Peer 1: 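Submitted below is the structure of interest, expressed as C-alpha cells.
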Amino acid sequence: MKDLKYLAWFENLLQEANNELVAAAREQGKKCVSYICENSPEPLLNLDGCFSVRLRAPRTGSMEMATYYMTSFLCEYSRALLERAIEGGYNFSDCLIAPDGCSMINRCAENMELLHAMEKGKEHFFYEHMEIPMKADDNGLNLYVLQCKNHILTPLKENFGIDISDAAIRRAVAEHNRVCELIRAIGEFRKGDRPTITGYEYSVITMATYAAPKAMLIEKLEETLEELRTREPDAKNAFRVRVALVGSEIDDPDFIKLVEDTGAFVCVDRYCYGSFPGRDPIHLTDEEDALTQICRQYMVRGQCPRYMNTAKLLERRSYVDELAKEYAADGILYEQVKFCDPWAYDRMLGSHIMRNEYGYPVLSIDRPYAVSGIGQLRTRIQAFIESVEIKKIHGGSR
Amino acid sequence: MMTLIKKLLSFLLKLVLIAVAGTALLFVVYFFNLDMKLTAAMEPLLTWFYDNKVKRDQHL
Amino acid sequence: MKDENRIGTQNLGSLYTNGRVRSRREWRGIVDTAYDFSRWLHNWITMFRVVLVKPRNIKAMFRYRWMASYLAVPMMIDRHTQGLRNEHLRICHEEQDLIVEDVAKLLDKLFRGDRRIGNDREFSSKVVLVDENEMQSVMMGFPTVVPLSREIASTYIPVLLNQRAALHYIDVAQEYGLAGDVCPMPEAEAGVSIDDDAPVLGCCAVQCNTTCDGSLMGNSVISKRLELEDGIPVFQLATPLRHREDDVQEYAAQEIRNAIAFIEEHTGEKWDWTHYFECAKRVNYATKCRLEWLEINRTDYPQVFGSNLALYTETNYMAISGRLKVFEDADRKITALAEKAFKKKRMAANEYRHRAIIWGVQSHYYMDFLVWLLNCWGIVPLTDMLSMVNTRMIAETDTPENREQAIYDIAWLTENMIMRNRTHGGYKVLLDELWEFVEEFNADMVILWEHMSCKALDGMHGMFEEKAREKGIHLVWVSHDLFDPRVISRQGVRDQINSYMRTVMNEEPVDPSLEILNDVESW
C-alpha cells in the first residue's frame, strides 16, 4: 500500500518522550501533566492550560539504575520509566499524577518522588498518588470522584491556576471526544478482507494521541482519515490470519510490527495504550456534573485487571469476544509485560476462558518491555499463526 | 474389711505402676521423637495415595 | 550479654539429621523438659479429641493433599521452642498450643460442612468463607455465623509445618500458565482451587484485596470456581491501598457496610452490636498487651519477641480479631509471664549480641529463622514488620455515636491488616517508619526479609539501602521466595546471615553447630 502521508511524522513523535509537540505546547505556556496509568481520566488532565502525556520510555536500553532501586522483579515498564526519569528524560513534566493502580507503578512513582527525578528547578512541581476503585459500583464511583477532585483537579488549580469548572471539563471532553472519534473512524479501516491500514500503522497513530498534546494532532488525524477513505489496499493480502491483541501495556509499536511481520494482522488493540477502551468517546448529558459522568464511564468500561468483582472478571472476557467478533479475529494473542502481577493472573484466566469456553485459538505470552528483534517471540507467534491458518483451512478457526 | 483395703491398695498400686510405666513410655516416645519419626514414615504413603487414588476435577 | 545460669542443650545443631525429623527432642533441665513433655501430651490429646477421633476427618485426611502436612504439628512446636526455657518456653506454649487447638477446630468445622466429607448442610448454611489474607473484624458482630478460611487450612498453616507443603500447588498453577514470578502465596491458593483440593462449603464468601495485587488477582481464580461452579456467592471487599489518607476512609467504611449487608442477606443473621462491642473490648485488650510487650522489648530484657511475637500477633490480630475469649485469657497469661520474666531479667538464649528489627515479609517456610538468629548468632529479633500493626484503641462502648464509629474502626482494622499496612499506603509506612522503630527499640541492626516476589517491598530496595547507609545501621538482606524453598533453601537463608556476620561483623557464632544444617529434606 502507498505510505500514509503522515505516518513518519507520527512515528517521529514516538521516538522521544519530549517530542516536538510536547516542546511546542510547553513553549505556549501550557503545563504538562504526566501520568502513568490508564485509570487516570484523561480529559481531567487536558483542561485549558494543560495537556497530558502518558509516560513511555522509547528505545530503552539498560535499566541498571532503576533495577538497583526497584530490583529485577518489578515489571520492566515501571523500571524503564524510572530509568528514564533518573536520566532526566521527563524534565518536561510539570507534575505527575499516579493512581495506586498496581504496586509496581506505585513504587515507580514513589521512587521518582524520593529521587526528585523530575522537578528540577520547578517551583510548583507536584506528585499526586490517587486511590482508584477496585469494583465498578456506587461506592467505587464516589471514591473515584472524590479522588479526582482531591488529587487531580484541586492540585491543578492550586498550583497552576487551571480552570476546573464543569464547563472547562466539558470543553476538555469535547476535545478528547474529537480525537476518539477520529481514532475510531480510522480503526474501522481494519475491518474487511482487505484492510487499508495495518495494525502497526494504527498503533503508531493511536499511541501518538497518548504521547502528545491532543489538540495539536487533530488536523493530521483528520487528513489521515481522509487519506484512508481512498487508500488502495494491496492486491494480495499480506496477512494470513487476523488476531486480537489483548493484555497489559504496550507502548512500543515495534511489538505490533513484530507480530505483523510474522503474518498476523492485528485487527483489535485491547491493551493498555490501545484504543479499546482508551479511545471510546465519553458521552455527557446535562443531567449530572461532567466529573461524575467521566468517572462513571472510566469505571464501567475499565479493563484493568485490578477490577476484582466477579461481574468485571466476566465482562473482561465478553468484551474481548465482542471485539473479536466485530473485527473478525481468527485468534487471540494474550500478552503481558514480564513481571506484571495483575496481568499474569488475567492472562492465565483469559487464555483459558477464551480458548475453552469461547472457542478461540489463543496464544499466551509474556514479553520484555523492549521487544524489537526478539527471536523466540517471533517463532512462537509464527507457530500460532500456522495453527490458526490450518484450522481455517479445515473449516473454521473456532 | 482388711482384705478389702488390701485389695484396694493392691489395685491402686497396679494403677500407679501402669501410669508410671505409661508415662515413662510416653516420655521415651517424646524424648526420642518417635512420634515424628512415625509420622515422617507415613508421609510418603499418603503422598502416593494422593497421587494415585484421589480423583480430582482439575481445571481453572 | 551472657546468661551464665543456662541449663540444657548447648549444641542445638546436633539434634538435626539429614532427614525429615530431628534425632530427639531437646533436654532443657528437669523442670522445663517435664513441662514441655506435658504440653506435647496436651497437644496430641487435643489433636485426637478435636480431629482424629472423628471418621469424617480421617476421610478428609485421605482426600486433601495438604492434610499430610499436619503430621508435622508437634515438630513445628519443637522448631519454635528451640533453646527456650522458663517463662519464654511457657509463653511459646501458651501461644502455640492455643493455635494448635484453634486450627484443629478450624479443620473439624471445614470438614463438617464440606460437601465431599461431612456435608452438614445446616451447619454449612451458617458458614461464611473468608480469605486467609483478610482481617476477620467484619465478623465481630455475627456471633452465630461461623467464619472459616480454607486458605489458612490448606496453604498458610501447612507451609509453617512443612516447607514443601505448597510446592505441588505452585506447580499446578504454573502448569496452567501462571507466571512464576508472582507471589507464591496467592499462587499456591489458586493452585489449590485449580487442583480441586479445597473443601466446598458455606452459604457465601467474603474475599478481600489485602494483602496485595497478587492476593486480589488470586481471588479471581478462586471465585470463578466458588461462585460460578460451586454456587457460593462471593463478595469482594475492596480495601483502599492509601490507608493513611483521610479521603479513602468513607469508601472503606461503605465497603464494610456493604459486606455486612451481604452476610446478613446470605446467612439470615443480623448484626449484633452487643457482641460486636464485647469483641471490640478484646481487640483493645490485645492491642494494650501487644504495646506492653513491645515496651518491654525496648529495654535490655525483651521478653515476647521473635516468632513468639510474630506468629501469635498474626493469629490473634488478624484471624481472631477479638471474637474468642480464650485468646484474651492467653494475652493475660502471656503478659503475666513476660512481666515476671522481666523482673527476673531473664534471657531467652545463651547470649545477646545484637538487637535487630526484622522488617519485610517473612519466609513462611522458615518462620523459626527468628529462633535460629537468636540461638546461632545472638541476634535478638525485638520486633518484626508483621507485629507493628494497629496501635489505635477502637470504640468499645455501645452508643449511637460509637455504632457509627465502629464501622470506621472495622474499616481501619481491615486496611491495617498485617503486612499490607506496611507494604501499601505509601513509602512512609514501609520505609520511613522503619528507622523510627530502629531508634525506639535501640536496635543496631535491621534484618530485611526480601521476599523476591513481593513487588511492593522490592520496589523500595534501593531506598532502604540508601537510608541504612545514611543512618549507619547494619542492614542485612535475607532473600527468599515465601512459600518456595526450591528458590532459596533454608540453608540459603541462613548463609546470607552467616556471610554478613563473618565478613562484615567479624564474629563467630554463639552456637557453631547451627551455622550449617542439612535440612533440605526436613519438615
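Bear in mind that the values here come from a model prediction, so they are computed numbers and not experimental data. Just so we're on the same page: letters track the sequence lines, and every chain starts at 1.
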Peer 1: I'd like to know whether A:Leu114 forms a side chain to side chain contact (heavy atoms under 4.5 Å, CB included) with C:Leu431, so could you lay out the CA-CA distance, the side-chain angles of the two residues, the decisive distance to 0.1 Å, and finally the verdict.
Peer 2: CA-CA 11 Å; A:Leu114 288 166; C:Leu431 188 66; 4.0 Å; yes
Peer 1: Applying side chain to side chain contact (heavy atoms under 4.5 Å, CB included) between C:Lys224 and each of A:Ile353, A:Leu314, A:Thr310, report the one that passes.
Peer 2: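 With C:Lys224 as partner, A:Ile353, A:Leu314, A:Thr310 yield a single side chain to side chain contact (heavy atoms under 4.5 Å, CB included), made by A:Ile353.
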Peer 1: Looking at every heavy atom in both C:Tyr427 and A:Glu113, which two are closest together, and how far apart are they?
Peer 2: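 Reported closest heavy-atom pair: OH-OE2, 3.5 Å.
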Peer 1: Would you mind checking which part of A:Arg347 comes under 4.5 Å of any heavy atom in chain C, side chain (CB onward), backbone (N, CA, C, O), both or neither?
Peer 2: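 Only the side chain of A:Arg347 comes within 4.5 Å of chain C.
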Peer 1: Do the side chain of A:Asp341 and the main chain of C:Asp213 share a donor and acceptor less than 3.5 angstrom apart?
Peer 2: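 Looks like no, no N/O pair under 3.5 Å.
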Peer 1: Are C:Tyr251 and A:Gln147 linked by a side-chain donor-acceptor pair shorter than 3.5 Å?
Peer 2: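 Per modelled atom types, C:Tyr251 and A:Gln147 side chains form no pair under 3.5 Å.
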Peer 1: Go through the steps to decide whether C:Gln236 and A:Met134 satisfy the test side chain to side chain contact (heavy atoms under 4.5 Å, CB included), and finish with yes or no.
Peer 2: CA-CA 9 Å; C:Gln236 281 91 4; A:Met134 280 164 278; over 6 Å; no
Peer 1: What do the steps show when you test C:Glu245 against A:His129 for side chain to side chain contact (heavy atoms under 4.5 Å, CB included), and what is the final call?
Peer 2: CA-CA 10 Å; C:Glu245 305 291 323; A:His129 303 279; over 6 Å; no
Peer 1: Between A:Phe73 and C:Asp458, which heavy-atom pair has the shortest distance, and what is it?
Peer 2: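 Closest approach of A:Phe73 to C:Asp458, heavy atoms only: CB-OD2, 3.5 Å.
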Peer 1: Report yes or no: do C:Glu255 and A:Asn139 form a side-chain donor-acceptor pair below 3.5 Å?
Peer 2: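 A pair is found: one side chain offers a donor N or O, the other an acceptor, under 3.5 Å apart.
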Peer 1: So what's closer than 4.5 Å to chain A heavy atoms on C:Cys183: side chain, backbone, both or neither?
Peer 2: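 The backbone, not the side chain.
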Peer 1: Non-hydrogen atoms of chain A under 4.5 Å away: do they reach the side chain of C:Leu237, the backbone, both or neither?
Peer 2: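 C:Leu237 touches chain A through backbone heavy atoms alone.
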Peer 1: Using non-hydrogen atoms and a 4.5 Å limit, figure out which bit of C:Glu450 sits close to chain A: side chain, backbone, both or neither.
Peer 2: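 Answer is side chain: those atoms of C:Glu450 sit under 4.5 Å from chain A.
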Peer 1: Quick one: closest heavy-atom pair of A:Leu74 and C:Lys455, and the distance?
Peer 2: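 Nearest pair, atom of A:Leu74 first, then C:Lys455: CD1-O, 3.5 Å.
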Peer 1: Spell out, as yes or no, whether a donor-acceptor pair under 3.5 Å connects the side chain of A:His352 to the backbone of C:Tyr176.
Peer 2: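 Checking the backbone N and O of C:Tyr176 against the side chain of A:His352, a donor-acceptor pair under 3.5 Å is found.
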Peer 1: For chain C, find which of A:Lys135, A:Arg79, A:Met65, A:Lys338 contributes the most heavy-atom pairs closer than 4.5 angstrom.
Peer 2: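 Most heavy-atom pairs under 4.5 Å with chain C: A:Lys135.
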Peer 1: Measuring heavy-atom distances to chain A, does C:Asn219 have an atom under 4.5 Å in its side chain, in its backbone, in both, or in neither?
Peer 2: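 When you check distances to chain A, no heavy atom of C:Asn219 falls under 4.5 Å.
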Peer 1: Do A:Asn106 and C:His424 get their side chains close enough for a donor-acceptor pair, meaning under 3.5 Å?
Peer 2: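 Short answer, no.
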Peer 1: Could you walk me through whether C:Met217 and A:Trp343 pass the side chain to side chain contact (heavy atoms under 4.5 Å, CB included) test, one step at a time?
Peer 2: CA-CA 9 Å; C:Met217 295 307 304; A:Trp343 276 104; over 6 Å; no
Peer 1: Against chain C, label A:Asp137 side chain, backbone, both or neither, depending on which of its atoms sit under 4.5 Å from a heavy atom there.
Peer 2: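 Interface part for A:Asp137: side chain.
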Peer 1: To the nearest 0.5 Å, how far apart are OG1 in A:Thr71 and NE2 in C:His461?
Peer 2: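 Output value for this atom pair is 7.5 Å.
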Peer 1: Can you say whether C:Glu227 sits under 4.5 Å from chain A via the side chain, the backbone, both, or neither, judging by heavy atoms?
Peer 2: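 For C:Glu227, the side chain is the part near chain A, not the backbone.
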Peer 1: Does a salt bridge link A:Glu131 with C:Arg244, judged by any charged N lying under 4.0 Å from a carboxylate O?
Peer 2: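 No.
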Peer 1: What is the minimum heavy-atom distance between C:Leu178 and A:Ala344, and which atoms define it?
Peer 2: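 So the two residues come closest at CD1-O, 3.6 Å.
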Peer 1: Return the minimal non-hydrogen interatomic distance between C:Ala190 and A:Tyr345, and the atom names on each side.
Peer 2: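 Reported closest heavy-atom pair: CB-CE2, 4.5 Å.
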Peer 1: How close do C:Glu465 and A:Tyr68 get, counting heavy atoms only, and between which atoms?
Peer 2: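 In terms of heavy atoms, the two residues are closest at OE1-OH, 3.3 Å.
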Peer 1: Pick one of side chain, backbone, both or neither for C:Phe464, based on which atoms fall under 4.5 Å of a heavy atom in chain A.
Peer 2: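 No part of C:Phe464 comes within 4.5 Å of chain A.
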Peer 1: Might you confirm whether atom CG of A:Asp289 has over 12 heavy atoms from other residues, nucleotides or ligands at distances under 6.0 Å?
Peer 2: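 More than 12 heavy atoms, drawn from other residues, nucleotides or ligands, come within 6.0 Å of this atom.
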Peer 1: For the CG atom of C:Leu241 and the CZ atom of A:Arg306, what is their distance to the nearest 0.5 Å?
Peer 2: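 Reported to 0.5 Å precision, the distance equals 6.0 Å.
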Peer 1: Would you mind checking which part of C:Ser223 comes under 4.5 Å of any heavy atom in chain A, side chain (CB onward), backbone (N, CA, C, O), both or neither?
Peer 2: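 Interface part for C:Ser223: side chain.
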Peer 1: Quick one, C:Asn209 and A:Met308 - any side-chain contact, counting heavy atoms below 4.5 Å?
Peer 2: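 C:Asn209 reaches A:Met308 side chain to side chain.
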Peer 1: Tell me if the CD atom of A:Glu64 is crowded by more than 12 foreign heavy atoms within 6.0 Å.
Peer 2: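 Incorrect, the count does not exceed 12.
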Peer 1: Can you measure from CD (A:Glu110) to CG (C:Leu430) and round to the nearest 0.5 angstrom?
Peer 2: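 Answer for the CD-CG pair, A:Glu110 versus C:Leu430, is 8.5 Å.
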Peer 1: Looking only at heavy atoms and a cut-off of under 4.5 Å, which of C:Cys454, C:Cys212, C:Pro186, C:Gly180 has the most pairs with chain A?
Peer 2: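 So the answer, after comparing C:Cys454, C:Cys212, C:Pro186, C:Gly180, is C:Pro186.
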